[in-house]
Every structure is written in C-alpha cells, then in structure tokens.
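For reference, positions follow the sequence shown, starting with 1.
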Amino acid sequence: MAYYAMKDFRLHDVISAVNSGRLQLPEFQRNYVWKPNEQKSLLDSIQKGYPVGALLLLEVESVAGETASPFGNRRFQDAPDPTESIKELVLDGQQRLTTCYKTFSGRASHWFFIDLKKLFEFTQGEAGRQIDLTDFLVRKPRPKHPELSLFESNLLPLPFITEDRNELRQNLNGFANNLADIKSEQDFSEFVKVTLHGYLDAFYDYKFPAIVLPARLDLEAVSNVFTKLNTTGMKLSAFDLCVSKLFPEKVNLRQMWSEVRTDTSIGLLDSDGTAILQTVTLLDGKPPKKAALVKNISKHSVTEYWSPSVIGLRQAAQHFNQAGSRNAQTLPYDTLAPSLAAALVKSKPATSVPEQASRQHKIARWIIQTAFTQRYTEGTDAKKAEDLEGAIRWFDANALPSFLLEQVVWQPSSNLAKASGARYAAMLAILNTRGPLDFILGKKLGLDNPGADQAQIHHIFPRAYLVSKGKARDEINILLNMTFLSPESNIFISDKAPSIYLGELLAGFTKEGLSPELAKQKLVDRLSGHLISEDAIEAMLDNNYEAFLEARAVALLGHIEAMGVPVSKVSEDSLSEDEPTEDEDDLV
C-alpha cells in the first residue's frame, strides 16, 4: 500500500497556488530566512534545469466546508489573503517556494533583474551557452515603473516572466524594436528578440517533484516521514520536530519559545529551544537525547515542566555568568546546561549566603574541570542523566559526583593547546572572574563583564615578534600566549619584544615618582590578574618565550587547583605514542 503519491509542480503553477492560497504553510513552520545569495543560487539552478530537491506536501481536506488542517495553516510571506480553499500544506520546501513566489509574483519589496546587456556581451549573442545566472542578476527595490528598468537600463524584471509567454514576448519585442533604431545596438536587438528566449525557457519548463502525503494518513506516519526526510531545504532541529508533533495537541511550542528566546540569559545556553526541551525530558524522567526528543516529549511533560525548565535555565545562566562564562567566547560547553538547570529545579534551594556561595563554587568547578578534562567532547546526551543525578547529590548532600572524580591530566601538550576549544574558553572565563587590569590604562577588563571595560583578546608575546624569531603558527596561537587587552594597549605593544614594552611601562611608572622597586611591584600587581606571575614577568624581560609559557602554565594550574580541581601532572615522555596530544576544537 502506497502512503504517498508523486506529483510535479510547474514553477508558475506554484506561483499561482501560493497566490490563491491553495498552497499554504503549517503554522509551526519557521519564517523565511534565505539571504539574497541563497535566492540567486536557487534561481541559477532553475535556469540550468538542475534538481533542487523534492517538496513534501500534505493534502488538506475540507470537512463540512471547514479546512481540517492538522497543523494549522498560514499563507506564504508576501502572499495576499487566500481567495481559494487550501489544498496542500508545504511541510518541506518553504525556503525554495517562497523564493520563487517573491521573485516572480512581483509582490516582494525587492526585485531581481537580469542585466540583458551584460548577458548579451558574455554570450556574444549566441544561443545555448552555459551561463551562471548569478553573474547577471541585479537586486533592487521594487520600481514604480518596471518597464523603465528595461527600456532605460537594459534590466529585465523577473516578474515580467509571467505564465503567459506572449506577454513576455510583447515586452521584449517592444524593447528590441527600440534598440533596432540604433545602428550600434542592432545585434543586441536581435539577441533580445530571438536568442534571449532560449535562456528564459527553463523558467517556463521547470518542474518541482513533490511527495504528496494523503490527508487521511495517520499523524504518526506523517511525523515519521517528516522527521526522516532529507532534502536541500533548511535542516530541521529536534525542536522543530517537537513543534510538529505537539501542534495538533494545541501546544504551540514555537510561540512558547518566542516568548522566552529574547531573554539573553536563556540565549547564552539555548540557541533554538532544544536545551529547554532536554531539561523538560530530564525533569520528566525521560532520556534527553536529541534524536529521541520527538518521541519522548509529550503534551503533559511540556505543560508540567516547561516553566520550571525556563526558570532552571535562567538560574543556570546566572551561575555561568558568575563563573565568567558570559558569552560564546567564554563558554566551554553549553551541553551541561540542561542537566544543571534540571538539578537546580530538583535540588533544595540555596537560601543562605554561605549556601549560595558554596553552590556557585561547585558549579564554577564543574564548568572549569569538565572543560579541562574535555568531558563533553563526545557522547554528551548520554551523560546528561548521570550529570543530573550527580549534581543533585552534590548540591543536597555534598557528595562529589563521579564526573568530577576524573583528574585533569596536566602535561606540556595540554599547556600548549591552541587558542580555541573548551580549554581556551575556560581560561577566558577564568580571566573574566579575575578582572585583569589593562597593561597601559590600568582599567579593569572583561568580556561582557559588568563593571569592566570591554576587552579584546591579543597575544602577550606579539605574533610578528615570534615570527621574526622563527616560531611557527601553532607555537604562537596558543592559549597561554593570549590575554585581555584594550585597543590602546594592543597598539602600544604592536610587534615589540616583551622586554621593550615592559621596559617602557616600568619607565612610565618611575616617571610618576616611583622607585625602581615600587615600579616593579606595580608591574607585578597590574599583570597578576592576567595569570602572569613574577617568574613570567622575568621571562618576558628576558624575551624567553618558553620560560614564560612554563611560568604562566604554573599560574593557571595554581588557579585551577585552588578551585578544588584534582590534577595529575604528566611529563610528555610518559605519554604513549597512541595518546592524543592535540586539543580538539570542541566548543559546543
């Protein structure tokens, strides 16, 4: 038994169906988001006759004269009020069909035009040449008098390519006849009148293949097809699939998400609503694996746990902020957010100041320790339930969870990790909590840190200086050589050797009336917030890069150990040949 039918839609049939309302979108669909370059690419593929992926449609029945759409329905962007009954919902293909409708209907605020003169010159007036339409498309605001774009600027508005070919020919013939009166334009005139149509025929002949699901198909079967379909359209997230599942049950997840997504504290830990749903499933005692959310989420779980999950994520974001993770740069992993949020909801509230301080310290350790052990590099979903139970026991009974029993392996290769990934983000978060002072201005710096000037991230040993000393890129762009600087300090440092710019700093301090000893102490105090110790400063004054890295690694290690993080120090020689020594780009 076939659960679907195959059907072809001519391009202009799509335009007509969208315009009349026979073809509409389900209520849960996201908005149209394609940028002009994506639109141009689609038009180029259509002109070439290339396949752009099948559409997925669901037939809609009328019951007693009323539309019986299981997912609600709304018109396409720029489409007028429907004049006919809806016949099909577009489950997959919105971006492609909206692009076509906006391009050829003439209702969009901006139009595409083909530069005919440029096309003529490229093809030398010949038929059948392979072209990249994107090279000849111009995008401009909708003109008040479209015909002037053609007659005065040689720009053919794509809305002129209507279903009636005779109408297009009439417009082009009038333009070509004007050109024929100019001797130098006679070849161009002939091209417009005769040859150009061969380059435009694809827009009349093109057909979209469509998979059409019958209206009476069971909704579970519709959901299965919807979730498994893989086309060239926008990839659907776990959240989108849950939206589609719950909409028939009068649960509008899209609306619920839109009401909380503007909260910046939520946005840090949840970019698309998935983290909230994972928190919901954790609170409901279900597995939070993304691929299983559409199966495990239910109307009851959302009704019961959506609000607590939002509250938990807000609280989690506050703890992240206090741990220095205030933006994407300083966020080692966002994958622990659902477990942390659920744990904050289910555990006893921290009411007293000591209890609050203790909980914040525990969460800061969790964030930093798992970054340096790289706990969430793989298998993240499977660890969420384990993290939840461990965190609750830790918060309520002070029992250290198993995921924090793992020691940080401290070795030269991890000390020299590249300036990306979870460990790098963790170091930036640590700097954010320390509020280091700017080298030159002496002002407190941070990344989105209230009470601090906004920092930039730059090299301590300048890149140009190290390159001049023969250092390779992977020896320069490492986390231990990066810190917070103001633009003024970065310009001051430029490509100078550290001994030179530190010497200039010391000279400036002595000009303020400080003795050499006090000037040195002021330098130590100013750089200490950067995890730059006295030993590191001595190495900088000697331009000894390796000694500087070693001293800064000791300072960073001391900060981590002071947080209670267990560390195992391993020499490079003790590593097996098969043990990885390169940091992975594991930012989530």
Side-chain angles (χ1 to χ4, degrees), residues 227 237-242 245 253 257 260 265-298 300-302 304-320 323 325 328 331-348 359 362-397 399-406 421-422 425-426 429 584 586-588:
T227 57
S237 71
F239 183 84
D240 295 312
L241 302 179
C242 292
K245 174 184 178 181
L253 281 181
W257 170 237
V260 299
S265 63
I266 294 290
L268 175 68
L269 304 179
D270 192 353
S271 61
D272 64 359
T274 301
I276 293 180
L277 293 186
Q278 289 186 306
T279 308
V280 166
T281 56
L282 282 168
L283 292 175
D284 197 28
K286 303 285 183 61
K289 189 175 181 180
K290 287 183 181 179
L293 280 178
V294 70
K295 174 184 177 182
N296 292 329
I297 206 76
S298 67
H300 170 266
S301 61
V302 171
E304 187 78 14
Y305 298 114
W306 177 272
S307 292
S309 296
V310 171
I311 293 171
L313 277 174
R314 287 195 178 114
Q315 292 176 350
Q318 291 173 0
H319 286 291
F320 269 88
S325 295
L331 183 65
Y333 296 107
D334 62 4
T335 190
L336 62 81
S339 300
L340 175 55
L344 290 170
V345 171
K346 297 187 74 171
S347 62
K348 300 173 185 176
R359 179 158 299 182
K362 291 174 180 178
I363 292 171
R365 174 181 168 179
W366 181 358
I367 294 169
I368 299 302
Q369 183 170 338
T370 55
F372 279 93
T373 59
Q374 299 187 311
R375 171 173 173 77
Y376 303 111
T377 300
E378 59 183 20
T380 57
D381 284 342
K383 296 169 181 172
K384 285 184 171 61
E386 175 189 348
D387 288 0
L388 170 61
E389 296 305 317
I392 293 173
R393 289 194 298 272
W394 196 25
F395 295 162
D396 289 349
L400 193 69
S402 60
F403 62 84
L404 292 184
L405 294 175
E406 181 183 357
E584 297 183 28
D586 48 19
L587 268 176
V588 176

Exercise. Under the salt bridge (Lys or Arg N to Asp or Glu O under 4.0 Å) test, which residues partner D387, sequence neighbours left out?
Worked result: R375
Exercise. Mind checking whether P332 and I367 have side chains closer than 4.5 Å, heavy atoms only?
Worked result: yes
Problem set entry | Interatomic distance, L282 atom CG to K346 atom NZ [nearest 0.5 angstrom] | 8.5 Å
Exercise. Which atom pair, heavy atoms only, marks the closest approach of K245 to K295?
Worked result: NZ-O, 3.2 Å
For this session: Would you check if T377 and Y333 make a side-chain contact, meaning some heavy-atom pair closer than 4.5 Å?
Result: yes
Problem set entry | Minimum heavy-atom distance P308-L283, with the two atoms named | CB-CD1, 4.2 Å
Exercise. For D396, which residues count as a side chain to side chain donor-acceptor pair (under 3.5 Å) partner, sequence neighbours excluded?
Worked result: none
Exercise. If every non-hydrogen atom of L404 is compared with every non-hydrogen atom of T370, which pair is closest and at what distance?
Worked result: CD2-CG2, 4.3 Å
Exercise. How would you list, by chain and number, every residue that makes a side chain to side chain donor-acceptor pair (under 3.5 Å) with T373, sequence neighbours excluded?
Worked result: none
Problem set entry | Exercise: do T335 and K384 side chains pair donor with acceptor under 3.5 Å | yes
For this session: Please name the pair of heavy atoms, one in L331 and one in L268, separated by the smallest distance, quoted to 0.1 Å.
Result: CD2-O, 3.6 Å
Exercise. To the nearest 0.5 Å, what is the distance between NZ (K289) and OG1 (T380)?
Worked result: 10.0 Å
Exercise. If only atom types and distance count, is the side chain of S347 paired as donor or acceptor with the main-chain N or O of A343 below 3.5 Å?
Worked result: yes
Problem set entry | Those residues that, when tested against S271, pass side chain to side chain donor-acceptor pair (under 3.5 Å) (two or more places apart) | none
For this session: Go through the steps to decide whether D270 and W257 satisfy the test side chain to side chain contact (heavy atoms under 4.5 Å, CB included), and finish with yes or no.
Result: CA-CA 10 Å; D270 192 353; W257 170 237; 3.9 Å; yes
Seminar exercise, completed: All heavy atoms of S265 vs all of A317, minimum pair found to be O-CB, 3.1 Å
Exercise. From S307 OG over to I276 CD1, what is the distance, rounded to the nearest 0.5 angstrom?
Worked result: 10.0 Å
Exercise. Rounded to the nearest 0.5 Å, how far does CD of Q278 lie from OG of S339?
Worked result: 8.0 Å
Seminar exercise, completed: Here the pair of heavy atoms bringing R359 nearest to H319 is CG-CE1, 4.1 Å
Exercise. Any side-chain heavy atom of T274 sitting closer than 4.5 Å to one from K290?
Worked result: yes
For this session: Not counting sequence neighbours, which residues clear side chain to side chain donor-acceptor pair (under 3.5 Å) with E386? List them please.
Result: S402
Seminar exercise, completed: To the nearest 0.5 Å, atom CG of L405 lies from atom CG of L400 at 5.0 Å
Exercise. What is the ring orientation for F239 with W306, classed by angle as parallel under 30°, tilted 30 to 60°, or perpendicular over 60°?
Worked result: tilted
Exercise. L253 and L277: side chain to side chain contact (heavy atoms under 4.5 Å, CB included), yes or no, with the steps?
Worked result: CA-CA 10 Å; L253 281 181; L277 293 186; 4.3 Å; yes
Exercise. How long is the gap from CG on L344 to CZ on F395, to the nearest 0.5 Å?
Worked result: 5.5 Å
Exercise. For atom NZ of K286, is the number of surrounding heavy atoms from other residues, nucleotides or ligands below 6.0 Å larger than 12?
Worked result: yes
Seminar exercise, completed: Applying ring pair (Phe, Tyr, Trp, His ring centres under 6.0 Å) to F403 and not counting sequence neighbours gives W366
